[in-house]
Q: 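There's a structure below that I have some questions on.
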Amino acid sequence: MCPKNASYYGNRAATLMMLCRYREALEDSQQAVRLDNTFMKGHLREGKCHLSLGNAMAASRCFQRVLELDPDNSQAQQELKNAESILEYERMAEIGFEKRDFRMVVFCMDRALEPASACHRFKILKAECLALLGRYPEAQSVASDILRMDSTNADALYVRGLCLYYEDCIDKAVQFFVQALRMAPDHDKARLACRNAKALKAKKEEGNKAFKEGNFEAAYDLYSEALTIDPNNIKTNAKLYCNRATVGSKTRLITEK
């Protein structure tokens with residue numbers, strides 16, 4: 001009835017935010033400020049949506065616009081600090097991941113998610129690091145929550161596969177990796193994990209076949225090759241070490257067990 005009224009879009013954005021529908025709320029708040037660039041509540045709501053979705057740079061621009069209109073706006077001042085803290089936690093998490101300090105990354109993402117509660121990117125990074133720390137049920141829970149909201153999320157599919165892969169459920173893991181690559185063909189992590197999973201399974205099966213045929217030296221070499229594929233897959237590698245030890249005992253390579 002009145003499509004050019006900025007406050008109506010602003011009010012609907014506020015309602016959508018209360019329903020945690022931040023992407024829709026973002027669209028309404030952006031339309032509100034397009035109609036009226038001096039509408040402070042519109043800029044604040046747009047900033048809050050960006051913040052909740054983990055877009056700290058975009059959120060900062062919105063809060064800075066509010067402070068241009070009202071330099072003493074305490075809400076914008078506080079939210080700007082929240083955006084700056086998210087950027088800092090992102091920076092720390094990036095350094096932590098490069099150093100394989102996954103506990104640090106989980107800590108940073110937990111802090112970042114306090115103001116950015118709807119950010120799938122932060123949740124996925126946390127879940128991936130939980131998986132790399134061996135905390136598979138927690139990682140799976142986070143990834144499954146995201147998949148319930150978005151069944152095509154390639155990153156969440158990758159994390160679900162990663163948990164299954166590290167729990168020695170290789171066939172199921174490959175299914176998730178393939179699905180992730182179907183959604184995002186350039187997903188490098190899923191491609192590498194899928195390749196490792198298939199190679200690990202194939203090499204282990206070759207070793208088992210050689211063992212059953214009594215070709216113990218070949219079996220020993222095949223298990224040894226399998227152990228070089230992914231040192232991080234502890235459960236599968238534990239079985240490979242056990243298999244190789246059995247072969248060693250058969251060939252009197254007692255010191256190799």
Side-chain angles (χ1 to χ4, degrees), residues 19-24 26-27 49 52-55 90 93-94 96-98 100 102-103 105-106 108-110 112-113 116-209 222 225-240:
L19 294 168
C20 298
R21 291 161 61 181
Y22 295 105
R23 294 190 186 281
E24 295 168 79
L26 178 61
E27 292 175 11
C49 289
S52 296
L53 293 166
N55 303 321
E90 284 190 83
E94 185 177 350
F97 197 91
E98 287 175 2
R100 299 186 65 81
F102 301 125
R103 286 184 177 81
V105 180
V106 171
C108 290
M109 290 301 93
D110 279 338
L113 281 164
S117 58
C119 182
H120 286 182
R121 183 165 48 91
F122 294 167
K123 291 178 181 179
I124 287 294
L125 180 55
K126 174 185 173 179
E128 182 180 0
C129 289
L130 287 170
L132 292 168
L133 287 167
R135 294 161 63 179
Y136 308 122
E138 294 171 77
Q140 288 190 42
S141 177
V142 175
S144 295
D145 284 345
I146 291 172
L147 288 170
R148 274 192 287 273
M149 292 181 279
D150 178 10
S151 62
T152 64
N153 189 299
D155 292 323
L157 290 166
Y158 160 70
V159 171
R160 282 286 286 118
L162 195 65
C163 292
L164 290 163
Y165 171 61
Y166 284 140
E167 290 186 294
D168 196 37
C169 300
I170 303 241
D171 288 334
K172 288 183 180 179
V174 168
Q175 291 174 13
F176 276 97
F177 295 144
V178 168
Q179 199 174 346
L181 289 166
R182 195 175 296 126
M183 297 299 116
D186 59 346
H187 201 296
D188 292 335
K189 289 182 178 180
R191 184 179 293 106
L192 176 61
C194 191
R195 185 163 64 239
N196 283 345
K198 288 179 176 179
L200 200 55
K201 181 188 176 187
K203 197 63 69 174
K204 182 182 176 184
E205 287 178 348
E206 285 181 53
N208 291 346
K209 184 173 182 290
L222 287 163
E225 289 174 33
L227 283 164
T228 67
I229 293 171
D230 187 357
N232 294 318
N233 194 325
I234 296 169
K235 288 194 176 182
T236 302
N237 288 345
K239 291 181 180 179
L240 288 168

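Here, residue 1 is the first one in the sequence, and each next residue gets the next number. It should be emphasised that the depicted structure is a prediction, and the values quoted were computed from it without experimental measurement.
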Q: Got a sec, which residues hit side chain to side chain donor-acceptor pair (under 3.5 Å) with Arg121, two or more places apart in sequence or on another chain?
A: Glu90
Q: Arg191 and Leu181: side chain to side chain contact (heavy atoms under 4.5 Å, CB included), yes or no, with the steps?
A: CA-CA 7 Å; Arg191 184 179 293 106; Leu181 289 166; 4.0 Å; yes
Q: Using side chain to side chain contact (heavy atoms under 4.5 Å, CB included), reason through Asp155 and His187 one step at a time and then give a plain yes or no.
A: CA-CA 8 Å; Asp155 292 323; His187 201 296; 2.8 Å; yes
Q: Can you find a heavy atom in the side chain of Lys123 that is under 4.5 Å from one in the side chain of Met109?
A: no
Q: What distance separates Arg160 CZ from Leu162 CG, expressed to the nearest 0.5 Å?
A: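 So the gap between those two atoms works out to 11.0 Å.
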Q: What are the two closest non-hydrogen atoms of Ala139 and Ala131, and how far apart are they?
A: CB-N, 3.7 Å
Q: Is there a ring-ring contact (aromatic ring centres under 6.0 Å, His included) between Phe97 and Phe102 once you walk through the steps?
A: CA-CA 6 Å; Phe97 197 91; Phe102 301 125; 5.6 Å; yes
Q: State, yes or no, whether a side-chain contact exists between Val106 and Asp110 at a heavy-atom distance under 4.5 Å.
A: yes
Q: To the nearest 0.5 Å, tell me how far Phe176 CZ sits from Tyr158 OH.
A: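 Between Phe176 CZ and Tyr158 OH, I get 14.0 Å after rounding to 0.5 Å.
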Q: So how far is it from Cys163 SG to Leu132 CG, rounded to the nearest 0.5 Å?
A: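 One finds 9.0 Å between SG of Cys163 and CG of Leu132.
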Q: Quick one: closest heavy-atom pair of Ala93 and Leu125, and the distance?
A: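 In this case the closest contact between Ala93 and Leu125 is CB-CD2, 4.4 Å.
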Q: How many angstroms lie between NE2 in His120 and CG in Asp145, if you round to the nearest 0.5 Å?
A: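 The distance works out to 9.0 Å.
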Q: May I ask you to decide if Asp168's main-chain N or O and Asn233's side chain share a donor-acceptor pair within less than 3.5 Å?
A: no
Q: Quick check for you: to the nearest 0.5 Å, what is the distance between Arg23 atom CZ and Leu53 atom CG?
A: 5.0 Å
Q: Minimum heavy-atom separation for Ala127 and Val159, please, with both atom names.
A: CB-CG1, 3.8 Å
Q: Closest heavy-atom contact between Gly96 and Val105?
A: C-CG2, 3.7 Å
Q: Let me have the donor-acceptor pairs involving side chains of residues 192-207, under 3.5 Å, with sequence neighbours excluded, atom names and distances please.
A:
unit_1, atom_1, unit_2, atom_2, d
Lys201, NZ, Asp171, OD1, 2.7
Lys203, NZ, Glu225, OE1, 3.0

Q: So, for Thr236 and Tyr165, which heavy atoms are closest and what is the spacing to 0.1 Å?
A: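 Scanning both residues completely, I find the closest heavy atoms to be OG1-O, 4.3 Å.
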Q: Yes or no on side chain to side chain contact (heavy atoms under 4.5 Å, CB included) for Phe177 and Leu164, after CA distance, side-chain angles and deciding distance?
A: CA-CA 10 Å; Phe177 295 144; Leu164 290 163; over 6 Å; no
Q: Measure the CG-CG distance between Asn237 and Leu240 for me, rounded to the nearest 0.5 Å.
A: 5.5 Å
